[in-house]
2 protein chains.
Amino acid sequence: MNTPVSTSPDRTPRTNARSLQTREALLGAALEVFGRDGFHAASTRAIAEAAGVNQALIAYHFGSKEGLYLAVFEAITQTMNELIGPTHARIEADIDSLDGASPAGRRACLEYLDELIGGAIAMFSQPQALGWTRMVMREQQDPSDAFEIFYGGIYSEMLQSFTRLVAKLTGQSPDDESSRIQALNVMGQLMGFMVARATAMRHLGWQQVGASELSAVRREIRAGLYQRFGEEVPA
Amino acid sequence: MNTPVSTSPDRTPRTNARSLQTREALLGAALEVFGRDGFHAASTRAIAEAAGVNQALIAYHFGSKEGLYLAVFEAITQTMNELIGPTHARIEADIDSLDGASPAGRRACLEYLDELIGGAIAMFSQPQALGWTRMVMREQQDPSDAFEIFYGGIYSEMLQSFTRLVAKLTGQSPDDESSRIQALNVMGQLMGFMVARATAMRHLGWQQVGASELSAVRREIRAGLYQRFGEEVPA
DNA sequence: GTCTATAGTCGGATAGAC
DNA sequence: GTCTATCCGACTATAGAC
């Protein structure tokens with residue numbers, strides 16, 4: 001699990017439509033089964049069955065069970081880039097110009113924090129979000145090569161943006177441990193609802209943690225930030 | 001996994017010292033192995049080996065692999081009761097008398113919130129915390145009977161206390177969804193560091209998420225709460 | 001109470017036909 | 001590219017000796 005493995009052997013000429021279809025089906029099924037059962041407990045037979053393809057094709061297309069696992073993380077990272085990349089780039093380009101001392105600058109910081117939360121919610125509102133969350137969460141506990149794929153994507157840059165925005169608001173340096181902890185605390189509030197799903201559903205009487213529920217969470221996080229950093233919440 | 005199973009068959013007269021020793025060793029090893037590998041991937045062989053006992057003794061003492069799994073959750077819940085129960089009871093008994101409109105009452109609410117966070121940190125600072133977190137986290141995603149054991153303990157009562165304290169501070173009803181979300185957000189900030197371990201360690205350059213690191217997190221959560229709810233942070 | 005031994009099942013990977 | 005068939009290792013649970 002921790003020795004590097006080529007993610008896609010690429011014995012396959014991607015021109016073949018059937019081949020692409022098989023790969024996509026396997027990636028989708030792998031997300032679901034790996035997310036549900038974890039790497040070890042997930043069986044290639046179960047994945048193949050869910051994908052509606054032959055079990056031997058996993059080895060053919062992805063080299064091994066692990067190759068498929070890593071390929072799923074590459075797909076996750078790619079989607080995250082597509083969903084959050086543009087918003088993140090726009091915000092990142094503007095942070096330096098913000099004045100953390102003026103009310104207008106502070107409101108801009110708060111709006112950007114809220115936008116980043118919104119980007120994360122866009123991610124969590126995808127139909128695959130449940131599988132993503134589960135797979136990433138497992139990697140958080142026992143990081144393998146897959147965590148590097150994930151963390152090496154836009155995720156770590158997003159945390160940097162959170163940190164810089166929080167630092168503007170507190171007047172601290174973004175290099176301070178304090179700023180970094182506070183940045184994680186902003187994201188942590190949202191992630192808690194994905195990660196402690198069962199608790200959230202019980203405590204709130206929810207039947208699911210979907211887009212509308214996460215929007216309610218976003219409103220609370222947003223209100224809390226405005227209240228904390230002393231600006232009036234805009235209508 | 002979802003059909004009720006007796007947790008301890010109790011064929012064993014607990015008078016026998018050796019038997020108790022075996023049970024404890026199995027519970028400790030099970031925590032570690034179930035936490036690391038998850039229920040399915042964990043093998044009774046690995047658990048027995050880690051415990052230094054014979055594999056067949058799992059069936060003898062706990063009926064089955066699942067019986068052992070449930071017994072671990074009972075142990076977790078019991079420890080949580082012992083560590084947090086007294087603090088929680090003291091706070092719960094006092095909440096009603098607090099005045100959310102007066103500065104003194106608000107400071108008391110904030111201190112109580114901080115104390116509950118401290119209780120959670122006491123829990124997370126135990127040597128078994130890593131295993132606990134992992135097992136509970138998995139249950140959050142796919143609740144089995146084990147989640148009921150956990151949620152039926154002091155945990156849900158703690159969330160109620162959080163909710164009531166937050167409601168006092170905001171002036172809302174503790175029954176409002178808003179209050180409940182905010183309560184989860186307070187806990188979520190701390191839990192994020194246990195659950196997104198790898199991210200926290202990377203973003204902060206930490207080598208571990210231990211007692212001292214969690215204390216730093218507690219300080220930030222506390223400061224954030226005071227700042228948000230408009231009281232001066234006491235020295 | 002604890003042990004050895006094993007029955008019965010299921011896992012990942014691969015060889016080779018098409 | 002896809003399939004069938006199979007090797008071989010690992011698993012849970014249990015029977016039965018001590």
Side-chain angles (χ1 to χ4, degrees), chain A residues 1-3 5-30 33-34 36-72 144-146, chain B residues 1-3 5-27 29-30 32-34 36-72 144:
Chain A
M1 197 57 187
N2 271 308
T3 45
V5 160
S6 162
T7 298
S8 54
D10 273 355
R11 308 174 199 158
T12 118
R14 300 294 175 72
T15 49
N16 189 315
R18 175 96 185 271
S19 178
L20 278 173
Q21 216 173 358
T22 300
R23 285 180 62 93
E24 290 307 311
L26 279 172
L27 282 171
V33 179
F34 278 136
R36 192 187 60 211
D37 300 340
F39 180 80
H40 285 105
S43 74
T44 54
R45 287 177 160 84
I47 294 170
E49 188 180 356
V53 308
N54 190 278
Q55 184 246 356
L57 291 176
I58 289 174
Y60 179 75
H61 284 286
F62 299 96
S64 68
K65 181 182 178 180
E66 185 182 352
L68 174 55
Y69 184 75
L70 295 177
V72 173
S144 74
D145 296 336
Chain B
M1 195 59 187
N2 272 309
T3 44
V5 160
S6 161
T7 297
S8 52
D10 273 355
R11 309 174 198 159
T12 119
R14 301 294 176 70
T15 49
N16 188 314
R18 175 96 185 270
S19 178
L20 278 172
Q21 216 173 358
T22 299
R23 283 180 64 92
E24 291 306 311
L26 278 173
L27 281 171
E32 195 166 330
V33 179
F34 279 135
R36 193 187 59 211
D37 300 339
F39 181 80
H40 284 106
S43 74
T44 54
R45 290 175 205 284
I47 294 170
E49 189 180 357
V53 308
N54 190 278
Q55 185 247 353
L57 291 175
I58 290 174
Y60 179 76
H61 285 285
F62 298 96
S64 67
K65 182 182 178 180
E66 184 182 351
L68 174 56
Y69 184 75
L70 294 176
V72 173
S144 74

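Atom set for the values below is all heavy atoms of this structure, side chains included, hydrogens, waters and symmetry mates excluded.
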Tell me the interatomic distance from Lys65(A), atom NZ, to dG11(C), atom P, rounded to whole angstroms. 9 Å
Kindly determine whether Leu26(A) and Arg23(A) satisfy side-chain contact (heavy atoms from CB on, under 4.5 Å), including the steps that lead there. CA-CA 5 Å; Leu26(A) 279 172; Arg23(A) 285 180 62 93; 5.9 Å; no
Kindly say if Thr44(A) contacts the phosphate of dG12(C), meaning a side-chain N or O under 4.0 Å from OP1 or OP2. yes
Is any side-chain N or O of His61(B) closer than 4.0 Å to OP1 or OP2 of dT2(C)? yes
For dT12(D) and Ser64(B) - does any side-chain N or O of the residue sit under 4.0 Å from the phosphate oxygens OP1/OP2? no
Taking every heavy atom of Phe62(B) against every heavy atom of Leu68(B), the minimum-distance pair comes out as CB-N, 3.6 Å
Between protein and nucleic acid, restricted to nucleotides 3-7 of chain D and to nitrogen or oxygen atoms under 3.5 Å apart, what atom pairs and distances do you find?
unit_1, atom_1, unit_2, atom_2, d
dC3(D), OP2, Asn54(A), N, 3.2
dT4(D), OP2, Asn54(A), ND2, 3.1

Without decimals, in angstroms, what is the distance between Glu49(A) CD and dG12(C) C1'? 16 Å
Nearest whole angstrom, please: distance from the P of dT12(D) to the NE2 of His40(A). 13 Å
Give Ala42(A) one of three labels, base, sugar-phosphate or nothing, depending on what nucleic acid heavy atoms sit under 4.0 Å from its own. sugar-phosphate
Looking only at non-hydrogen atoms, find the nearest pair between Leu57(B) and Thr22(B) and report the distance. CD1-CG2, 4.0 Å
Taking atom C1' of dG11(C) as reference, at what distance in whole Å does atom CD1 of Ile47(A) sit? 12 Å
Run the side-chain contact (heavy atoms from CB on, under 4.5 Å) check on Ser144(A) and Phe39(A) step by step: do they pass? CA-CA 11 Å; Ser144(A) 74; Phe39(A) 180 80; over 6 Å; no
Examine distances only and state if a side-chain atom of Lys65(A) and a backbone atom of Ile58(A) form a donor-acceptor pair shorter than 3.5 Å. no
Would you tabulate the side-chain donor-acceptor contacts of residues 41-51 of chain B under 3.5 Å, counting partners in other chains and residues two or more places apart, or write 'none'?
unit_1, atom_1, unit_2, atom_2, d
Ser43(B), OG, Ala46(B), N, 3.0
Thr44(B), OG1, Gln55(B), NE2, 3.1

In this structure, how many angstroms lie between the P atom of dG1(C) and the CD atom of Glu24(B), rounded? 15 Å
Please give, in whole Å, the distance from dG12(C) C1' to Phe34(A) CZ? 11 Å
Can you measure Ile58(B) atom CD1 to dC11(D) atom P for me and round it to whole angstrom units? 12 Å
